[in-house]
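Inspection log for the structure reproduced underneath, given as structure tokens.
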Amino acid sequence: MPKWLQDAVFYEIYPQSFYDSNGDGIGDIQGIIQKLDYVKELGCNAIWLNPVYDSPFMDAGYDVRDYKKVAPRYGTNEDLVQLFSEAHGRGMKILLDLIPGHTSDTHPWFQQAKQAMPNELSNRYIFTKTVWDAPPEYRMMCGICERNGNYMVNYFSSQPALNYGFDKITHPEWQLPCDHPDCLQTAEAIKDVMRFWLDKGADGFRVDMADSLVKNDDAKYATAKIWRGVRDMLDRDYPEAAMVAEWCFPERAINNAGFHMDFYLDHYGNGYSRLFRYGNWGDEAVFNKNGRGDLQAFTDEYLPAYNRTKQNGYISFMTNNHDMPRVTAYLDKQAIKLVNAFIFTMPGVPFLYYGDEIGMRYQADLVSKEGGYSRTGSRTPMQWCDGKNLGFSTSDTPYLPVDQSEDAPTVENQKDDPDSIYKVVTDMIALRRKHEDLHGNGELEFMSEPGKIPFAFRRGALVMYFNPLSTDFEIDTRYDGDVIYKIGNAEIADGKIKMQPQSFLMIHTN
Ligand code: NOJ
């Protein structure tokens, strides 16, 4: 287990929208290099970079045409290597995005696989035996090439599924078992991609749809076995490299598959969504001041998963990612401050989505860009300062429009504002990094009655009290201690915690 994960705080960068260094309207790698000091100042010591590979961008780069080549719009492989070394020089790590489940239909592997004549890549993707064969239980593209067969899709139609075989075989005439040499070869091809970038200085990968490899794999054991092989490779050859899964099933991702981290994703109705996004635009979220949230739905899911996996890896909370509406669409500013206090004091390895530190808004009405659809509104350019494109680019045609509102938050106007989300985010990250009790592997004890709001949890000598509601509370406490941080009005006196609406208190117990 790479030790650096213990106090890692990640910053997710959507490269096309971060900073445009050459005025072509699209963010680029040199732009990220120029902003590394900014990321470091936030307190983040690691970055997850969304895909930067060559792609036709039907799904914002999650449709890879060449895993080993940086998309020209972002720069060159040399730029990426420079980013690795500039980051390392600042004590920071870079995780690339790995997309192992599918490629673009323009990838040369697919171009070869779809040919009529059988060849050595015919089994790299999943094709049925003939085009007349399209079992409705699978998502198939039919009649699009000279090869007499339909291909299985992993996400959008232009993203054919790579073939790692089937666990339960229901159509033996075209489904291969996982131990078929061609399926094993697919895993080797992805490992080869990983080695390519790790050898150039990457520090690991965020793994897209990590659970999607083997098909008809109900308990995901066969998929986990492939990742175990990958983890063995890392432990042996790249022991400092880390992988975070897009899986949202920590027992499987961490305990079975060997991922160092697993994202706690926004799946409607799960524990994560209950916290910030539940109901009609958050009206049933735990952090909504109206008190209609269900904390127990979160603790009942999270705590057992945390307890079962904490010896082996980390559950990753995120402020948001590029797939869901920013939290500003759901909660008011004071609530968002509490959300950040929560995310950065929980165990695991937290992820901050670019722009969330300044409270960027979800731009609900934008026309879809590069397969973003409703996600486009969370992918708009970073807002740096006043002026053209809020400092993102000098181009007249930026990748996406920036927030047009007069009071659009920018780094410049939030940074020195004592009442800003920026202040809470940076303070909380600094506290997390400073206090070992708040690190990823520190202990956690939920102290309040199950489900009761306000609530509290203890991490070593530190206790966090949250009152997300719009009413005052007095809570008995068995602790005495010094206030380390507060949001809103809250105090500890005579064995009681007094909390005004929407407040947070962190105390150091004596
Ligand atoms: C999950 C990614 O986060 C999302 O943006 C992408 O569209 C799909 N996987 C398909 O790769």
Side-chain angles (χ1 to χ4, degrees), residues 5-12 39 42-46 48 244 248 250 261-266 270-278 282 285-288 293 295 298-299 301-303 305-306 314-360 378 420-435 437-442 444 446 453 455-459 462-468 485-487 502-506:
L5 288 176
Q6 275 176 26
D7 83 326
V9 177
F10 274 85
Y11 191 71
E12 178 189 346
V39 178
L42 293 172
C44 296
N45 52 2
W48 156 27
V244 52
C248 198
M261 303 168 267
D262 185 26
F263 278 123
Y264 203 8
L265 297 166
D266 182 51
N270 78 345
Y272 178 85
S273 75
R274 297 286 184 151
L275 293 171
F276 320 127
R277 296 178 164 81
Y278 203 58
V286 168
F287 280 86
N288 192 312
L295 179 65
F298 162 73
T299 49
E301 176 184 278
Y302 171 80
L303 290 175
Y306 163 73
Y314 302 102
I315 296 176
S316 283
F317 281 91
M318 53 205 169
T319 60
N320 187 42
N321 68 17
H322 60 290
D323 289 333
M324 52 188 180
R326 290 184 187 270
V327 75
T328 40
Y330 301 87
L331 297 173
D332 64 29
K333 180 175 171 188
Q334 189 69 5
I336 292 172
K337 289 183 181 177
L338 303 187
V339 162
N340 281 290
F342 179 85
I343 288 180
F344 293 111
T345 53
M346 284 291 279
V349 177
F351 281 67
L352 170 64
Y353 185 53
Y354 82 96
D356 279 354
E357 70 275 24
I358 55 168
M360 269 174 64
S378 292
S420 62
I421 291 173
Y422 180 94
K423 169 137 180 63
V424 171
V425 169
T426 47
D427 285 351
M428 294 313 303
I429 295 177
L431 284 166
R432 182 184 184 92
R433 304 269 323 268
K434 176 170 160 208
H435 292 279
D437 285 340
L438 293 179
H439 285 184
N441 51 345
L444 168 75
F446 254 75
I453 307 177
F455 64 95
F457 58 81
R458 188 179 62 80
R459 310 250 359 245
L462 302 178
V463 187
M464 270 55 67
Y465 295 89
F466 290 85
N467 176 18
Y485 198 78
K486 67 172 151 182
I487 299 171
Q502 295 191 294
S503 60
F504 165 74
L505 197 63
M506 183 192 294

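Index from 1, following the sequence.
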Quiz item: Would you call the rings of Phe10 and Phe351 parallel, tilted or perpendicular, where under 30° means parallel and over 60° means perpendicular?
Solution: parallel
Self-check item: Non-hydrogen atoms of Val9 and Gly43 that approach each other most closely
Solution: CB-O, 4.4 Å
Exercise. Output the distance between atom CG (Asp7) and atom CG (Leu438), rounded to the nearest 0.5 Å.
Key: 11.0 Å
Quiz item: Is the charged tip of Arg326 near the ring of Tyr354: under 6.0 Å from the six-membered ring centre and within 45° of its axis?
Solution: yes
Exercise. Specify whether Tyr272 and Phe317 have parallel, tilted or perpendicular ring planes, treating 30° as the upper limit for parallel and 60° as the lower limit for perpendicular.
Key: tilted
Quiz prompt | pair Phe466-Leu295: side-chain heavy atoms closer than 4.5 Å | solution = no
Practice problem: Side-chain contact test, heavy atoms from C-beta onward, threshold under 4.5 Å: evaluate it for Thr426 versus Leu42 and give yes or no. | Solution: yes
Quiz item: Is it true that a side-chain atom of Thr328 and a backbone atom of Met360 form a donor plus acceptor pair closer than 3.5 Å?
Solution: yes
Practice problem: Start with the C-alpha gap between Asn45 and Arg433, add the side-chain angles, then the distance that decides, and say whether side chain to side chain contact (heavy atoms under 4.5 Å, CB included) holds. | Solution: CA-CA 10 Å; Asn45 52 2; Arg433 304 269 323 268; 3.3 Å; yes
Quiz item: Shortest non-hydrogen contact from Pro347 to Gly442?
Solution: CB-O, 4.3 Å
Quiz item: Between Tyr264 and Phe298, how do the two ring planes meet: parallel, tilted or perpendicular, split at 30° and 60°?
Solution: tilted
Quiz prompt | Heavy-atom pair with the smallest gap, counting every atom of Ile343 and Met318 | solution = CD1-O, 3.5 Å
Quiz item: Ile336 and side chain to side chain contact (heavy atoms under 4.5 Å, CB included): which partner among Asp356, Val425, Val424, Leu331?
Solution: Leu331
Quiz item: Should the ring pair Phe276 and Phe287 be called parallel, tilted or perpendicular, given that the plane angle runs from 0 to 90° and is split at 30 and 60?
Solution: tilted
Quiz item: Looking only at heavy atoms, what is the nearest atom pair of Asp437 and Leu462, with distance?
Solution: OD2-N, 4.2 Å
Practice problem: Measure up the Phe342 and Phe457 rings against each other and bin them: parallel (under 30°), tilted (30 to 60°), perpendicular (over 60°). | Solution: perpendicular
Quiz item: Does the Ser316 side chain pair with the main chain of Val349, one donor and one acceptor, at a distance under 3.5 Å?
Solution: yes
Quiz item: With side chains defined as the heavy atoms from C-beta onward, is the minimum distance between Gln334 and Ile487 less than 4.5 Å?
Solution: yes
Quiz prompt | Residue pair Asp262 / Pro250: nearest heavy atoms and the distance that separates them | solution = OD2-N, 3.1 Å
Quiz prompt | From NZ (Lys337) to CD1 (Ile421), nearest 0.5 Å | solution = 7.5 Å
Quiz item: If you take all heavy atoms of Tyr11 and Gly355, which pair is closest and at what distance?
Solution: OH-N, 3.7 Å
Quiz item: Given side chains that start at C-beta, do those of Tyr306 and Met346 come closer than 4.5 Å, heavy atoms only?
Solution: no
Self-check item: Leu5 and Tyr314, any side-chain heavy atoms less than 4.5 Å apart
Solution: yes
Exercise. Would you give the length of the straight line joining atom OG1 of Thr345 to atom CZ of Arg458, rounded to the nearest 0.5 angstrom?
Key: 13.5 Å
Quiz item: Hey, does the side chain of Ser378 reach the backbone of Met324 with a donor-acceptor pair shorter than 3.5 angstrom?
Solution: yes
Quiz item: So, Asn288 side chain and Gly282 main chain: donor-acceptor pair closer than 3.5 Å or not?
Solution: yes
